[in-house]
Amino acid sequence: MFDTMGAAGSADDINAMEIHHWYTKFMKECPSGQLCLHEFKQVLDLHGLTPEANSYVEQVFHTFDMNKDGFIDFLEFIAAINLVIRGKIDQKLKWYFKLYDADGNGCIDKKELLSIFTAIQAINGHTNMSAEEFTNMIFQKIDVNNDGELTLEEFITGVERDGDLMELITKSFDLSNVLKVIQSGRRHSI
């Protein structure tokens with residue numbers, strides 16, 4: 001008997017019909033089966049971005065590119081979609097952490113968080129606090145040892161303990177609108 005609740009995911013993971021839908025869409029947009037950064041931006045119709053927004057999109061791309069070969073293949077694409085749509089909160093927080101940790105050193109400093117949040121504001125365009133306020137609030141609430149850096153453990157523990165912060169982070173970094181763009185197949189000829 002095969003365990004549907006094991007490490008591979010849970011019973012509500014993306015089903016075969018959805019995978020087929022995503023595969024068809026992925027192959028239509030990307031016949032080679034491998035999406036490079038340029039194609040990724042094209043699929044999402046992201047043109048004329050500010051430098052901050054552009055670096056955020058690149059960071060998302062590199063976070064999706066799990067084997068770091070410079071391409072997102074279909075398995076990486078599905079894994080990312082599954083995580084964003086149905087991932088458990090701690091999996092999402094690990095993913096967010098990886099996204100914020102721009103230099104990959106295992107810690108997020110204020111500069112990294114500030115630049116990511118500024119970029120997200122440039123793409124989403126709506127927030128009720130400035131990037132500086134957001135960054136300071138996060139560090140004030142969850143930088144337990146006040147060293148100016150957040151470890152993965154500090155980040156997950158801090159966010160899980162604070163309902164308001166959890167909601168704020170989930171809303172601010174919600175990629176579902178990115179996925180809606182992919183799903184609806186919005187793409188303009190250049």
**Message:** Could you work out, with salt bridge (Lys or Arg N to Asp or Glu O under 4.0 Å) as the rule, every residue matching Glu133, not counting sequence neighbours?
**Reply:** none
**Request:** Ignoring hydrogens and angles, tell me if any N or O in the side chain of Lys110 forms a donor-acceptor pair with the backbone of Glu132 under 3.5 Å.
**Result:** no
**Prompt:** Would you say the side chain of Leu165 lies within less than 4.5 Å of the side chain of Met137, judging by non-hydrogen atoms?
**Reply:** yes
**Message:** Which heavy atom of Thr63 sits nearest to which heavy atom of Lys98, and what is that distance?
**Reply:** O-NZ, 4.0 Å
**Asked** If we only count heavy atoms from C-beta on, is the Glu154 to Leu150 side-chain gap below 4.5 Å?
**Response** yes
**Partner set under ring pair (Phe, Tyr, Trp, His ring centres under 6.0 Å) for Phe97, not counting sequence neighbours** = Phe155
**Prompt:** Can you list the residues that meet the ring pair (Phe, Tyr, Trp, His ring centres under 6.0 Å) rule with Phe74, with sequence neighbours excluded?
**Reply:** Tyr23, Phe26
**Test side-chain contact (heavy atoms from CB on, under 4.5 Å) applied to Gln140 - qualifying residues, sequence neighbours left out** = none
**Complete:** Rounded to the nearest 0.5 angstrom, the SG-CG distance for Cys107 and Asp147 is 7.0 Å
**Request:** Using the test side-chain hydrogen bond (donor to acceptor under 3.5 Å, both in side chains), find all partners of Lys141 that sit at least two apart in sequence or belong to another chain.
**Result:** Asp162
**Request:** Evaluate the side-chain proximity of Asp103 to Asp101: yes if any heavy-atom separation is below 4.5 Å, no if none is.
**Result:** yes
**Prompt:** What residues form a side-chain hydrogen bond (donor to acceptor under 3.5 Å, both in side chains) with Glu160, not counting sequence neighbours?
**Reply:** none
**Message:** When you measure from the side chain of Glu167 to the backbone of Asp164, do you find a donor-acceptor pair of N or O atoms at a distance under 3.5 Å?
**Reply:** no
